[in-house]
Amino acid sequence: MTDNFFHTNFFITEVIFFMPYEFEKIERKWQARWQDSNCFHSEADASKEKFFCLEMFPYPSGALHMGHIRNYSIGDVLARFLRKNAKNVLYTIGFDSFGMPAENAAIKYKTQPHKWTLENIAYMTNQLKRMGYSYDWRREAITCLPEYYRWNQWIFLQMYKRGIVYQKEAPVNWCENCGTVLANEQVSEGVCWRCHNPVTKKNLKQWFIKITDYAQELLDDIEKDLQGWPKRVRIMQTNWIGRSEGARLSFEVPELDYKIEAFTTRFDTIYGVTFIALAPEHELVRKMIASMNPDESEKLQAFVKKVTAQSSIERSDAKAEKLGFKTPFYGTHPISGEKIPIWIANYILSDYGTGAIMGVPAHDQRDFDFCRKYNIPIIPVINPTDGTILDGATMKHAFEENGIVCNSDKFNGLKTDEAITKMLDWGEENNICKREINFKLRDWLISRQRYWGTPIPFVYCDKCGVVPVPEDQLPVRLPEDVEVKEVGHSPLLDLPEFLETTCPHCGGHARREADTMDTFFCSSWYFDRYCSPGDEKAPFEKSDVEYWMPVDQYIGGIEHACLHLIYARFFAKFLTDIGLTKAREPFTNLLTQGMVLMDGSKMSKSVGNTVNPDEIVAKYGADTARLFILFAAPPNNDLDWSERGVEGSFRFLNRVWRYVEDNLDSLKNHNGKIVKMHEIDNPELRDFKRKIHSTIKDVTNDIQNEKQFNTAIARLMELVNSIYALNDKSEQAEFLRREAVDVLVNCLSPFCPHITEELWEMLGHENMLCLEPWCVCDESALVQDSVTVVAQINGKVRGKFARAAGLAKDSLEKSILDEKIVQEKIAGKSIVKIITVPDKLVNIVVK
RNA sequence: GCGGAGGUGGCGAAAUGGCAGACGCGCCAGACUUAGGAUCUGGUGUCUAACGACGUAGGGGUUCGAGUCCCCUCCCCCGCACCA
C-alpha cells in the first residue's frame, strides 16, 4: 500500500521536494533536431576514412528489452565517438522480421503475421528513436518486405547456379513443437534453440546449402583474420567446424555385394578391429532387412524403429546406454581378410563420417563399453610406453593414449605418431585406405515448413521436375492476406493462387515450393544491404560494399557464436566468390556484450523479472537509462539491473545540470580563453587543469582502445567532483571552470547525447555538439609538478612524501633516506639494497 | 570428461609487477531544513583502545616488491560432449 502510494505519486513528491532537469522535453527537442538536420546521414566518400559500426538487428517481437538497450547503447557510444573523431561512420539498424513468433502471435491474437510484424516494427522504431540512437534511418533494412527478400531469393539462385544449393532426402532435425525442420546449428543439447523442445529425426527431402565447401576456409580464417574477436567465440567456432584428420577405408560385404566405408582418425589401430557398426539409418540396413530371413528381419526392423524413435537428447547423450543388434553379416578386414561381424548400434551417428565405424574396443572407450556389454572380443594393438602389456580379457577401460604398436604384423614396435604416418602411407600404396579430412560442420538445412519466411524460388513441374524461378520473375511474393490456423500447417498449402503456377521451362502445370527459408538467411547479409539501401537492381552496389565493408565493429550477444556468425562468414565468402564483394570476412572486430540480469538471473518474460525500458525512460529519461547501463559493468560482463544504480546515474546527470544552470552567467562570461598550464601558478589550479586533460586522455583511451565505458564514465564523475570541489574565485579559475565544463559536456555526449546538447547550447555554442570534434588532450597540461613518493622498507609502505616530479634517482633516494621516519625505522640495521622507481617509490632493503 | 573465462569490501566494480578497493550503490554522521528518499560536507576492508597487524578463493614459488607472473588445490560461470 505504502509502496504503491509512493510509486503512483512519484512525480508529485518530486515536484514538491526535488526538481530534476526536464529530460523529456530536452530529449524530444534534440531528437527532433537530429532528425530534421539529417546529421546522422552518411555517404560513401573515398576521401574519408570509414567506420562501419554494426549491431545485431532485432527481431520485432513487440518491444525492446534491456538487452537491446545495452547492445545499442554500446554501439551508439562508438558511433558518436568516432564521428567526432572525423571518421565517416556508417551506423544504422533494421529488423530481422521473418520468423515463427509472428505466426504464433497471429494464431493467438487472430491477426496476420504481416500486420503484427509491421506494427511491432513501428512501435520499436519509436522506442529506438526515443533512446536517441544516431542511426541513419534511410538505410534501414526490413527483411520481411519484398524489396529485401527478393534478394534472398536472388542470392539463393546464384548459389543454386554455383552448385552450392541442393535438395536431398535425409534424416533431419525435426521440432514437433515448431512444426518444422531445423539446421544443425539450431539444435543445442538435443533441443530446439527457439522453444527448447526435444528434437527428433525425420526423413525428409529438404533444401541444403553446401556450407561444408567452405569448412576449411571458415576454419583457417578464424586464426588468420579474426584476431579482433573474443577468443571464446573463436574457440566455439573452431569446435563447431570440428576438423579431424584421418582416413577412409572399406570393408567388403560379399553376401550383400556391398562395400562399407568407414572413417577413422586412428588407422594405426586397424589390426584391433573386432566389429563393424552401422548407424540405424545407414543405407545398408535396408538391404539387410530385405535379405534376411523374415524372423530376423522383423527383429532388426523393430530395433531400428526403437532407436530412431529416440529423441536427439537420448541418442546423443554420452551417458546413454549403448544398444546394439548383431546382424548375420560379416565384412572382410581389408588387411587380414578376416570376417568381422557387422552390428547396428545406436551410438553411431548417421550424419558424421560415413555413418559406419570400424570398432576398436581396446582403444576407444565407446567401442569398449559396447563390446563388454555384448561380449565382443577386445584385441589390444597398442601397449603403453611404460612396458605394460595389455590383455583384452582383463582391461578395465580402453587405452586411448599414444603407445607402442603390437599385434599388428610388420608394424609392431612403432610409436603411435610414427605408426599413423607409416601405416597410412602403406595403406594408401596398397589401396587399403585413403587419407581424408572430416568436419563436424554439416551442410546448412535451409527449408522451413513455415509460412512467415522468404519463399524458396523453385517450382515443381509435372514434366521438368524441379525448376528455379527465373531471376526476372522475382520476387516470388509471399501472400500477406492469410489466416494462420494452427502451428505446423503453413497457410501457403491452402492457397492455390500461390501454389498453382506454370513451369518457366515448358509452360505446363507446376506447383510452387511451399517451404520458406530459414530466417538466418536474411541475417547473413543485411549489413551489405545497409551499404546500398533501396537498391532495385541488385542486393547492393559493389562500390558501396567495397567502401563500407568489412564491418569495423560488430556488437551483439554471444548466443550467435555458432549460428548467425558462422552463416554470415560463409555468405561473405560466397559473395566474394561470385564477385559481388571483396571482404572475405564480414566482421573485423566483435564485441559480445553480457546479459542484463535481474537478481542474478536473466531477465525473461516467463520468469517475470523484466524491466520495461519504456518505464525507465519515462521516469528518468533516455540519457539516464543509457548512462546506467554503460556504467554498471564493463560491456562484456553480465550486468545486474539495479533501480538504485539508475537513481545514482540520474543523480549524476542532475548534478551536472545543476552546476551549469547555477553558474551559467559566469560560465558564459568566461568563454573563449584557454588558460595554458605555464600561465598557472596556483597549485590547486594546476591540479585542476591537469585533471581536465587527464580526463580527456583517459576517457578517449577507455572508449577507443579498451571499450571500457564504465571507467570512462567514472573519470567523468571524478571531473564533476573536481569541478564542485574547486573553491578558487579568481578570473583564471573561472576560465578553467569554463574549460572543464566544455570538456565534461563534450566527453559525456556519446553516453548522454541529449542533456549534453542542451547544456552545450546553454553555454552559448552555436553548432550541434554531435558534430563538434572530440576534445584534444593538451599533453603539456599533464606534466606533474609534484608526486607522492612511497617509501618502503623491505617492501612495506612506511611513509609517503611529496617530492618534485622528475627528481634524479640518487637525489630522490637521498631525500627519502633523510626523512626522519625512515631513519628511525632503519636505525641499527644495515642497508642491503635500494630500489628506486623515479617519481614513484623508494624501497630500502635492510637486514 | 574436454575446452574457455573467472573468484578483489555489504553490492556493481577499479588497479602498464610499484600506495589494493578509483567511480558508483548502500550504510553512518553532520549541515541546511516545518519536513527530507532533495542538496551539500565528512566517514565507511577486517582486527585493535592505540601503535600497528592482517587483507585480492586456499596452498606453495619467482621477485627488493605479486590482485597482477609460475605451479598445485578448491569453487562458480560459459561452451562442447558417443564427432569414430
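All chains are named by letter (A, B, ...) in the order of the sequence lines, taking the proteins before the strands, and each is independently numbered beginning at 1.
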Starting at atom [atom1] of [X], determine the distance to atom [atom2] of [N], rounded to an integer number of angstrom.
X      : N     : atom1 : atom2 : result
A:I835 : B:G65 : CD1   : C1'   : 7 Å
A:L841 : B:A20 : CG    : C1'   : 15 Å
A:L597 : B:C78 : CG    : P     : 11 Å
A:K809 : B:G18 : NZ    : P     : 16 Å
A:R442 : B:A84 : CZ    : P     : 10 Å
A:R435 : B:A84 : CZ    : C1'   : 18 Å
A:I276 : B:A84 : CD1   : C1'   : 14 Å

Minimum heavy-atom separation for A:W229 to A:R234, with atom names?
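For A:W229 versus A:R234, the nearest heavy atoms are O-NH1, 3.0 Å.
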Would you measure the distance from the [atom1] atom in [N] across to the matching atom in [M] and give it in whole Å?
N     : M     : atom1 : value
B:G43 : B:A22 : P     : 12 Å
B:C82 : B:C69 : C1'   : 40 Å
B:G9  : B:G59 : P     : 15 Å
B:A84 : B:G18 : P     : 45 Å
B:G58 : B:U8  : C1'   : 15 Å
B:A66 : B:A57 : P     : 15 Å

Indicate, yes or no, whether a donor-acceptor pair under 3.5 Å links the base of B:C19 to the side chain of A:K840.
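Answer is no: no donor-acceptor pair is held.
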Base of B:C64 paired with side chain of A:K833 (donor-acceptor, under 3.5 Å)
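Answer is no: no donor-acceptor pair is held.
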Output one letter per nucleotide in nucleotides 3-15 of chain B: B when a protein non-hydrogen atom lies under 4.0 Å from the base, S when only the sugar-phosphate is that close, - when neither is.
SSS------BSS-
Need to verify one output field. Residue with the more 5' nearest nucleotide on RNA chain B, A:I558 or A:G353?
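Comparing both residues, the 5'-ward one is A:I558.
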Around A:K440, counting heavy atoms of other residues, nucleotides and ligands shown, do more than 12 lie under 6.0 Å from its NZ?
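Check passes, neighbour count above 12.
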Atom pairs, N/O to N/O, protein against nucleotides 25-27 of chain B, distance under 3.5 Å?
residue, atom, partner, partner atom, Å
B:C25, OP1, A:R651, NE, 3.3
B:C25, OP1, A:R651, NH2, 2.6
B:G26, OP2, A:R651, NH2, 3.3

Mark yes or no for whether A:K373, through its side chain, and A:K322, through its backbone, hold a donor-acceptor pair below 3.5 Å.
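Here the side-chain-to-backbone pair exists.
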Can you find a side chain N or O atom of A:S188 that sits less than 4.0 Å from OP1 or OP2 on B:C80?
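Looking at the OP1 and OP2 atoms of B:C80, one of them is under 4.0 Å from a side-chain N or O of A:S188.
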